[in-house]
Amino acid sequence: MIGALWFLVRTSARNRLRRQLLRLRQPRYALAFGLGLVYFWFFFLRNAGGARDASAVTTTFVAGFLGVVVVGYLAWAWLFGTDRTALAFTRAEVALLFPAPVSRRVLILYKLANAQLGILFSVLVWSVLMNRGGGGAVSSLMRGTGLWVAMTTFSLHRLGIGLLRSGVEEHGLSGAKRSWMPFAVFASAVGAVAWTVWSHRVWLAGDLGLRAWVDTARGILDLPPAAYVLWPVRVAFAPIVERDPGPWLAALAQALLLLALHVWWVLGSDRAFEEAAAEASEQQAKWVEQMRARRAGGAVVRPASRRRTLPLAARGAPEVALVWKHALWLLRTHQLRGLVSLPVLAFIAVFGFLGRGDAIETIIATIAAVVILVLLLFGPMTTRNDLRSDLLHLPMLKTLPMRGDVIVRAQVVSGALTAALPQLLLLAAALLALVLESGEKRVPAPLLAAAAVGGPPLLLALNIANFSLHNGVALLFPGWVRLGERGPAGIEATGQMMLITGATLLSLALLLLLPALVGAVAWFAFGPEPGTALVTALLGGGLMLAAEAWGLVRALGIAFDRVEPMQVAQ
Amino acid sequence: MIEVAALTKRFGSFTAVDGLDFRVAPGEVLGLVGPNGAGKTTTLRCLAGIIRPSAGVVRLAGHDIQEDGVAAKRALAFIPDEPHLFDHLTVEEHLRFVARVYGVGDVEARIGPVLAELDLGEKRTALPDELSRGMRQKLAIACGLLHDPQALVLDEPLTGLDPAGMRRMRATIAARARAGAAVILSSHLLTLVEELCTKLFVIRKGRCVAYGTLDGIVAGRPELAGRSLEDIFLALTGEGETAAP
């Protein structure tokens, strides 16, 4: 039986690789792959194997970073559960392997073997990253082995948590009783770390710099009892940082022992395996299905609450229904959280700049302006409640009694309004801060009033233009754009993303030429009165941009009427 | 009224649908039948405006789908074999969406009866993800029926439905036809076609091989007299020999 499963792993990997290589015959994939390679070379490989550079990403730093990420992730997983992908089988595997005469233990082993492909790729990437710190082939091999042991242990730990939590969810209190020991161990671990930090909290108080604060915090975590609790993490990561063969072998032995303990734990906690795996597989299969049949399906969306709805009048412009639909999507997915997080982070950053001598009003206005710019340029990449999600439903959209340009307009407005809302709030915050500012650097009131009047329309026009471009790319080159919530990964996807980002930014720049000219003319025409000049420039430029966007949407409407579902299928 | 004249659809050098002509009057139910890959779904997609015909004309309620697509589509309900639903809208929200798009004013009065007709009353707040395949199909049908379409195009409408749902759906289609809708029904379930359809349109390799009432078709092919619809279908599509046990 293990031979059959090994055959399955081997041939699946080989066929997947062959399919990806064959895809490179198509120019769009070959070009994207080339660009992706350049990107990875530029950021990861350029300095690989070079002389040791103090500023480079060092092994210790990367291992430390990995350690923090892993500990954070595992704590989260223990508290709130994993995403269960660790348990997911494909639909074919569930259909063929679960009813087959295969023991649960063998199925788990198969799952672990399958996870090795991803782990080996991660080991390769992190090895390359760490190699920037220098070292020869033997050193790389030692580090790679250490990484493999650590990542496999991490993967097993995730699987173990998934199984444990599934057991508790499935059996309620009796499941909790059966699984009390791991939960008790985790609770004790959290308690020990918290107690150590709390009892040495005075060390962290006072006027420490960030680096000194981090070093102090690390020092505290090296003290008992936190040191005992974090010992497994140190053991898992020790072979990555050890450079001398003797200590490395000793560290590897301990890490392998930890790995063996995890194997024992996971194989022993397979009681809830089938149901948990089937449920996780079902969720994963839905996602895969949607990716494969993009025309037919949509991204899996977990509703925050289906009770939270918005009213929709039965009469009125039909395109409002599309905007309403997208608004509900925002309410029920994590998109809104992502959009709001940037302004929130911006205002957290304000506190980081306090004490540098600048007035807080100036800091708020500056950071708000920077974040507005970032949201303007990159908002469409995070907010995708427009054609980029609805093209998945193209056959349905095409049957709606609306003209193509009306449908495209509704889609563009849905995305643009979503992105514009936080920008308008930031603009309001910036203007309010500047109004409250006192002193010599104070911005004149007429200019602030002009920005308050002319800024919002210009921001709206900018967003509509930008979203029109992104929707246009999706409509005209659907094969190049991620449709739906998730998209393909890998080198080609990176290359595609770079090309699309570059092309849309360039197009936006071209689109801005005429409005900039109109704005400049207005500015100079009303030069003696800065307030009037600014408001005229902003409104004139915004109006020109809106007119261009309107023309673009009309053209995209014609394209929408002509596009067929087969062209969108990728 | 559904009128199709010289409808042709090509994909590159491949002709999927080749010069089809037919007409469905109000109250009629046309059965569109043919073997797999005959061009049925392509024909229906041209009718629904999902794909553009390479040549020919499609008129729905007197409106050309190419020239006056909005008016034509307002008269139409297309129910595909695979229901296209929005993952994040509940059952009731799907109906509200459709009501707004089609300008259905008395939506409150209509939602209840439509949901009851399709046995979806208890699933008002469910998301498509939480519905069975059959329930999703019922929701797609409910969305199609909400605006009382004059032209109803159904592609394998019984897929995924349970026996009670199938019986209810058959009654619904018949009732809509009696109320004056022009109906096109594409299905491999020949018993369904025989029960509901007033006319047949048999298609093979994109071309019409028979069109008319069942009696009319048999009158034109006397050797088919007294044979079952299945035998007639197999004979017309030339699949009789390959399908023989």
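Residue numbering restarts at 1 for every chain, and letters A, B, ... go by the order of the sequence lines.
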### Query
Between OG1 of A/Thr399 and CG of B/Leu47, what distance do you get to the nearest 0.5 Å?
12.5 Å
### Message
I'd like to know if the side chain of A/Glu564 reaches the main chain of B/Arg52, judged simply by a donor and an acceptor atom lying under 3.5 Å from each other, with no hydrogens or angles considered.
### Response
yes
### Query
Which pair of heavy atoms, one from A/Ala314 and one from B/Val107, lies closest together, and at what distance?
CB-CG1, 3.6 Å
### Which atom of A/Asp390 lies closest to which atom of B/Phe86, heavy atoms considered
OD1-CE2, 3.8 Å
### Query
Who are the salt bridge (Lys or Arg N to Asp or Glu O under 4.0 Å) partners of B/Asp64, not counting sequence neighbours?
none
### Task
Let me see the working for B/Leu85 and A/Met396 under side chain to side chain contact (heavy atoms under 4.5 Å, CB included), right down to the final yes or no.
CA-CA 8 Å; B/Leu85 301 168; A/Met396 188 199 189; 5.8 Å; no
## Note on the structure
When every non-hydrogen atom of B/His84 is compared with those of A/Pro395, the smallest separation belongs to NE2-CB, 3.8 Å
### Query
So which heavy atom on B/Arg96 is nearest to which on A/Leu312, and how close?
O-CD2, 3.6 Å
### Message
I'd like to know which of B/Ala99, B/Cys143, B/Gly103 tops the heavy-atom pair count under 4.5 Å against chain A.
### Response
B/Gly103
### Query
Using non-hydrogen atoms only, which part of B/Val101 is less than 4.5 Å away from chain A: side chain, backbone, both, or neither?
both
### Query
Which bit of B/Leu76 is near chain A, if near means a heavy-atom gap under 4.5 Å: side chain, backbone, both or neither?
neither
### Query
Please walk me through it: do B/Ile51 and A/Arg562 pass side chain to side chain contact (heavy atoms under 4.5 Å, CB included)?
CA-CA 8 Å; B/Ile51 53 177; A/Arg562 288 182 180 164; over 6 Å; no
### Task
Not counting sequence neighbours, which residues clear salt bridge (Lys or Arg N to Asp or Glu O under 4.0 Å) with B/Glu3? List them please.
none
#### Entry: Shortest non-hydrogen contact from B/Leu89 toward A/Arg332
CA-NH1, 4.1 Å
### Task
Please indicate whether B/Arg168 has more than 12 foreign heavy atoms, meaning atoms of other residues, nucleotides or ligands, lying under 6.0 Å from its CZ.
yes
### Segment of B/Phe97 engaging chain A (4.5 angstrom heavy-atom cut-off)
both
### Message
Suppose a student defines contact as a heavy atom less than 4.5 Å from any heavy atom of chain B. Which residues in residues 404-414 of chain A would they list?
### Response
none
### Task
Spell out the residues in residues 315-328 of chain A that have some non-hydrogen atom less than 4.5 Å away from a non-hydrogen atom of chain B, in order of number; otherwise answer 'none'.
A/Arg315, A/Gly316, A/Ala317, A/Pro318, A/Val320, A/Ala321, A/Leu322, A/Trp324, A/Lys325, A/Leu328
### Query
So, for A/Thr309 and B/Glu93, which heavy atoms are closest and what is the spacing to 0.1 Å?
OG1-OE2, 2.6 Å
